[in-house]
Amino acid sequence: MNGARVVTRIPPSPTGRLHIGTARTALFNYLFARHHGGRIVFRSEDTDRTRSTPEFEQEIVNGLRWLGLSWDSFSRQSENSARYTALLAQLVEEGKAYVSREPAKDDPMREVEVVRLKNAGRSIMFRDEIRGDITFDTTELGDFVIARSRTDAVYHFAVVVDDLDSGVTHVIRGEDHISNTPRQILIQEALGAPRPIYAHLPLILDERRAKMSKRSGYAVAIMDYRDEGFLPEGLVNYLVLLGWSPGGEREDFSLEELIKVFSIEGVQKSAAIWNREKLLSVNQRWMRKLSDKDFLQQLEPPRFKASWPSRQLELAVPLLKERARTFTEAKELLEGELRCVAVAPELKTATLTAKEPSDRLGITAEMLRAVEAALAGLTENASPDEVKALIMPLADAQEAKSKGSRGAMLWPLRYALSGQERSPDPFTLISILGTQESVRRIQTALDCFKS
RNA sequence: GGCCCUAUCGUCUAAUGGUUAGGACAGCGCCCUCUCACGGCGUAAAUCGGGGUUCGACUCCCCGUAGGGUCACCA
């Protein structure tokens with residue numbers, strides 16, 4: 001970048017929760033600056049005193065940090081008003097702006113003093129790094145307001161002053177700011193400030209192609225995704241792919257890797273539509289990269305400790321990695337489909353003999369006894385493969401003998417162990433439950449035939 | 001409506017004048033298999049329309065059309 005040091009900014013307004021779009025814009029600013037060894041300034045744009053709150057500011061900071069982002073300086077516009085006031089006065093003195101007495105916008109009976117910038121109405125052209133040259137006719141802007149009073153700067157003015165003071169070189173922001181740019185350039189020129197390089201990011205739309213908002217039906221607050229059990233790595237990875245492409249076919253990137261490969265060249269021009277399914281899929285890939293230990297930690301173990309023997313919870317992790325796309329889904333699995341690992345099931349005889357409805361020749365019980373006998377020779381902590389090596393031959397023998405299928409044996413076995421029509425396979429189940437518990441459950445199933 | 005931006009499979013995107021237009025998610029089919037899930041293989045699916053420029057357009061230009069953004073003393 002011409003050898004000059006890059007300075008980008010993350011300027012959220014603390015008037016709401018941390019929005020997906022805000023996070024993505026922050027991410028792009030972060031990646032661009034870090035890629036170029038530059039600085040990032042975080043600026044809380046809290047000039048709207050009535051809507052801004054410390055709580056929102058805190059959530060935004062926490063959320064961005066949770067995603068893994070960082071910055072090199074922090075400031076609040078509310079603490080910089082003396083600077084705006086001074087520059088406002090300077091512009092008025094230089095004749096570039098003037099104080100105007102006029103009826104208040106919200107109450108026409110009251111008269112107020114606002115500061116307006118003198119605007120010659122020239123045509124303004126600026127270069128956008130993503131879209132190329134953009135031209136605006138500024139006459140329709142008129143002498144626009146830059147301060148609500150001599151001391152109360154409006155957003156556009158504060159932004160230009162802060163960008164100037166912190167030496168911002170690159171303004172990377174949402175496409176919705178394109179039309180704000182000419183007015184900010186006009187202020188820059190009045191102030192004699194250098195013009196930063198602009199890059200306007202495409203917007204994120206919902207499936208109705210409208211700007212993402214709460215009414216889109218999707219969560220738009222980053223923290224809601226965290227609470228739902230998404231990984232920051234997954235969110236970052238999905239967010240960066242929405243509107244940016246590395247060029248090749250690789251899709252999974254960590255934050256560190258993104259810093260290396262990120263380039264403004266890869267940023268898309270057109271808006272992207274939010275796709276939760278894809279997010280889920282990307283997130284699952286990151287969940288699978290976790291070690292079993294880390295995975296377990298994300299599950300808030302305290303909640304499961306009581307009903308889940310820790311050994312079995314640990315052994316269930318691979319099953320969770322296979323099925324869950326978020327940690328909320330993982331918990332649902334533990335309470336539903338995988339609950340049988342921790343709690344012995346209640347069995348229905350009809351389901352037990354589902355593959356042999358009339359229990360032809362009374363073989364179901366016979367087969368279960370055969371498995372029970374075989375299990376006696378197995379060590380307590382056998383692996384799924386060992387269990388399979390032991391039992392599969394029995395199932396095959398049964399298949400040949402009764403001209404049924406292996407299911408004739410495997411179905412009742414799996415059901416005896418799980419009590420569910422859908423569950424992990426019986427070998428894995430026996431491996432996790434242990435030989436003793438497995439035998440107990442088989443005996444319980446056998447009892448069904450006594451009555 | 002004015003102004004501005006945008007336009008490749010349903011979605012995210014690759015291909016920056018020459019490719020059988022590639023990948024991922026979702027879909028569908030097959031395989032694996034007692035079920036579920038995973039996995040493997042395969043399949044369907046796109047260059048918005050019309051004009052140019054060019055030997056040759058997804059790619060460059062113009063016009064339409066469509067979508068989006070923005071028109072505050074909110075940021």
Side-chain angles (χ1 to χ4, degrees), chain A residues 11-16 22 45-48 50-52 77 100 102-106 112-116 128 130-132 134-141 144-149 152-156 158-159 173-183 200 202-205 207-211 238 241-252 265-266 268-282 284-285 288 318-324 333 337-338 354-355 395 399 404-415 418 420-426 428:
Chain A
S13 176
T15 53
T22 307
E45 306 213 316
D46 57 351
T47 52
D48 183 340
T50 58
R51 292 199 300 142
S52 300
Q77 291 189 326
S100 166
E102 45 195 80
K105 208 54 187 288
D106 53 351
V112 293
E113 282 187 345
V114 299
V115 182
R116 287 181 178 276
D128 184 289
I130 295 167
R131 291 149 212 282
I134 298 175
T135 308
F136 276 93
D137 177 358
T138 65
T139 50
E140 65 187 53
L141 257 33
F144 58 91
V145 171
I146 55 175
R148 288 177 272 267
S149 74
D152 193 7
V154 138
Y155 165 73
H156 297 290
V159 163
R173 67 213 322 189
E175 184 185 356
D176 48 344
H177 282 287
I178 288 182
S179 51
N180 287 334
T181 307
R183 147 185 354 226
H200 288 94
L203 262 20
I204 300 176
L205 272 25
E207 61 197 359
R208 296 193 329 282
R209 298 185 174 277
K211 222 169 156 179
Y238 176 66
L241 254 19
L242 255 199
W244 174 82
S245 163
E249 283 172 1
R250 181 178 165 192
E251 279 199 335
D252 58 319
E265 314 291 323
Q268 210 66 17
K269 291 189 177 90
S270 54
I273 296 175
W274 184 260
N275 185 330
R276 189 180 153 89
E277 284 301 315
K278 176 84 177 190
L279 198 215
L280 249 9
S281 153
V282 171
Q284 181 173 36
R285 289 212 281 269
R288 287 176 177 175
L319 303 183
L320 293 173
K321 282 183 174 173
E322 201 169 279
R323 287 147 219 257
L333 249 9
E337 197 176 324
L338 298 180
K355 293 279 174 181
E399 176 182 9
S405 67
R406 297 204 284 224
M409 165 180 235
L410 296 175
W411 173 274
L413 173 60
R414 192 183 56 73
Y415 179 72
S418 69
Q420 287 161 182
E421 303 199 14
R422 316 166 73 180
S423 80
D425 65 80
T428 303

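Every chain is numbered from 1, with letters handed out A, B, ... down the list of sequences.
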Base contacts versus sugar-phosphate-only contacts with protein, heavy atoms under 4.0 Å: please encode nucleotides 5-15 of chain B as B, S and - from 5' to 3'. BSS---SSSS-

At under 4.0 Å between heavy atoms, how does the protein contact nucleotides 37-43 of chain B? Give one character per nucleotide, 5' to 3', with B, S or -. BSS----

Nearest-Å distance, [atom1] ([X]) to [atom2] ([N])?
| X | N | atom1 | atom2 | answer |
| --- | --- | --- | --- | --- |
| A:Leu333 | B:C36 | CG | P | 15 Å |
| A:Ile204 | B:G69 | CD1 | C1' | 15 Å |
| A:Met409 | B:C34 | CE | C1' | 12 Å |
| A:Leu410 | B:C34 | CG | P | 6 Å |

Non-neighbouring partners of A:Thr135 that pass side chain to side chain contact (heavy atoms under 4.5 Å, CB included), sequence neighbours left out: A:Ser123, A:Met125

Reported CD-to-CG distance for the pair A:Glu175 and A:Leu203, which is rounded to 0.5 angstrom: 5.5 Å

Atom pair OG1/OH of A:Thr47 and A:Tyr155 - distance to nearest 0.5 Å: 9.0 Å

Closest approach to the side chain of [X], judged atom by atom: which nucleotide of [options] is it?
| X | options | answer |
| --- | --- | --- |
| A:Leu203 | B:G68, B:A75, B:C4 | B:G68 |
| A:Ser423 | B:C25, B:U35, B:C4 | B:U35 |
| A:Lys105 | B:U35, B:A75, B:C73 | B:C73 |
| A:Val154 | B:C25, B:C73, B:C34 | B:C73 |
| A:Ser179 | B:C34, B:U70, B:G68 | B:U70 |

Close side-chain approach of A:Val159 to A:Gln77, heavy-atom, < 4.5 Å: yes

Between B:C58 and B:U43, how far apart are the two C1' atoms, rounded to whole Å? 24 Å

Using a cut-off of 4.0 Å on non-hydrogen atoms, how would the nucleic acid contact of A:Asp46 be classed: base, sugar-phosphate, or nothing? nothing

Please classify the nucleic acid contact of A:Val112 as base, sugar-phosphate, or nothing, using heavy-atom distances under 4.0 Å. base

Quick check on B:A75: is either OP1 or OP2 less than 4.0 Å from any side-chain nitrogen or oxygen of A:Thr47? yes

Yes or no on side chain to side chain contact (heavy atoms under 4.5 Å, CB included) for A:Phe136 and A:Ile178, after CA distance, side-chain angles and deciding distance? CA-CA 10 Å; A:Phe136 276 93; A:Ile178 288 182; 3.9 Å; yes

